[in-house]
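Please see the structure below; I have some questions.
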Amino acid sequence: MNTGSDREAHGSAAGEPGTDAGAENAATTTEKTHVSKAPAFIRRSRSLHVSWQVGVFVVGLAVIAAGVAMLVLPGPGWVAIFAGLAIWATEFAWAHLVLAWTKRKVTEAAQKALDPKVRRRNIILTTVGLVIAGALIGFYLWKYGLTMPWDLKDQ
């Protein structure tokens with residue numbers, strides 16, 4: 001399992017043509033500073049460290065799978081998904097980068113949602129949706145009363 005960057009192994013440098021030097025430097029800096037959170041005695045042994053990483057991967061995958069299930073079942077689905085990603089980020093540089101990207105995007109979305117124009121649009125769309133839903137429910141009740149759809153006779 002590769003937990004670090006392949007840039008050093010492939011000799012990719014920030015100054016090469018066709019690469020974005022700023023993004024490359026930021027990504028390389030983040031990857032170089034990422035250190036495994038495994039205890040020192042585990043990091044000393046390659047086989048123990050790989051076993052540790054497999055365990056972290058399995059635990060993170062289980063938490064993410066539970067989060068995905070909670071998206072349709074009762075429970076804090078997104079919280080569990082982000083928690084699983086945070087578990088992975090303790091060992092894997094790629095997960096650390098994904099988590100940082102996700103945090104940045106969530107912060108941007110929160111700031112955008114606080115924009116008065118966006119809030120006004122969301123309130124208007126919600127109101128229109130509720131009016132349409134109310135009209136449909138009212139029409140159903142007017143036409144059929146409180147009869148459930150599966151109890152309707154030929155009409």
Side-chain angles (χ1 to χ4, degrees), residues 1-7 10 12 14-38 50-155:
M1 278 188 198
N2 183 11
T3 60
S5 170
D6 288 334
R7 286 181 182 86
H10 297 297
S12 174
E16 284 185 1
T19 62
D20 182 8
E24 186 76 21
N25 286 338
T28 304
T29 303
T30 304
E31 290 173 7
K32 285 182 181 178
T33 59
H34 179 74
V35 179
S36 173
K37 303 291 190 272
V50 169
S51 299
W52 178 271
Q53 288 177 329
V54 168
V56 167
F57 184 81
V58 169
V59 169
L61 185 63
V63 172
I64 288 175
V68 169
M70 284 189 275
L71 290 176
V72 294
L73 299 172
W78 286 111
V79 173
I81 290 170
F82 293 137
L85 194 56
I87 290 170
W88 278 348
T90 63
E91 280 302 311
F92 305 107
W94 60 267
H96 187 74
L97 292 173
V98 170
L99 188 61
W101 179 84
T102 304
K103 285 180 182 178
R104 188 175 68 249
K105 289 298 181 182
V106 167
T107 303
E108 289 173 8
Q111 290 299 320
K112 188 175 180 181
L114 294 176
D115 180 26
K117 290 179 185 177
V118 174
R119 287 189 61 175
R120 188 175 19 240
R121 182 199 65 201
N122 290 343
I123 290 171
I124 290 170
L125 288 174
T126 301
T127 304
V128 168
L130 289 173
V131 167
I132 291 172
L136 291 173
I137 291 170
F139 174 76
Y140 179 85
L141 291 174
W142 171 74
K143 179 85 172 155
Y144 302 108
L146 288 176
T147 307
M148 293 294 131
W150 49 86
D151 291 333
L152 291 175
K153 306 295 181 233
D154 292 333
Q155 294 191 13

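Position 1 is the first residue of the sequence, and the numbers go up from there.
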Only one of I87, L85, V58, V79 clears side chain to side chain contact (heavy atoms under 4.5 Å, CB included) with V63; which? I87
List the atom of A95, the atom of A89, and the distance in Å for their closest heavy-atom pair. CB-N, 3.7 Å
So which atom in I64 and which in I81 form the shortest heavy-atom distance, rounded to 0.1 Å? CG1-O, 3.8 Å
Of all the heavy-atom pairs spanning F57 and W94, show the shortest one and how long it is. CE1-CZ2, 4.5 Å
From CG (L99) to CZ (F92), nearest 0.5 Å: 14.0 Å
Under 3.5 Å donor-acceptor pairs involving side-chain atoms of residues 100-113, not counting sequence neighbours:
| from | atom 1 | to | atom 2 | distance (Å) |
| --- | --- | --- | --- | --- |
| T102 | OG1 | V98 | O | 2.7 |
| T107 | OG1 | K103 | O | 2.8 |

For residues 115-127, which side-chain N or O atoms pair as donor and acceptor with protein atoms under 3.5 Å away, sequence neighbours left out?
| from | atom 1 | to | atom 2 | distance (Å) |
| --- | --- | --- | --- | --- |
| N122 | ND2 | V118 | O | 3.4 |
| T126 | OG1 | N122 | O | 2.8 |
| T127 | OG1 | I123 | O | 2.8 |

A80 versus M70, closest heavy-atom pair with distance: CB-CE, 3.5 Å
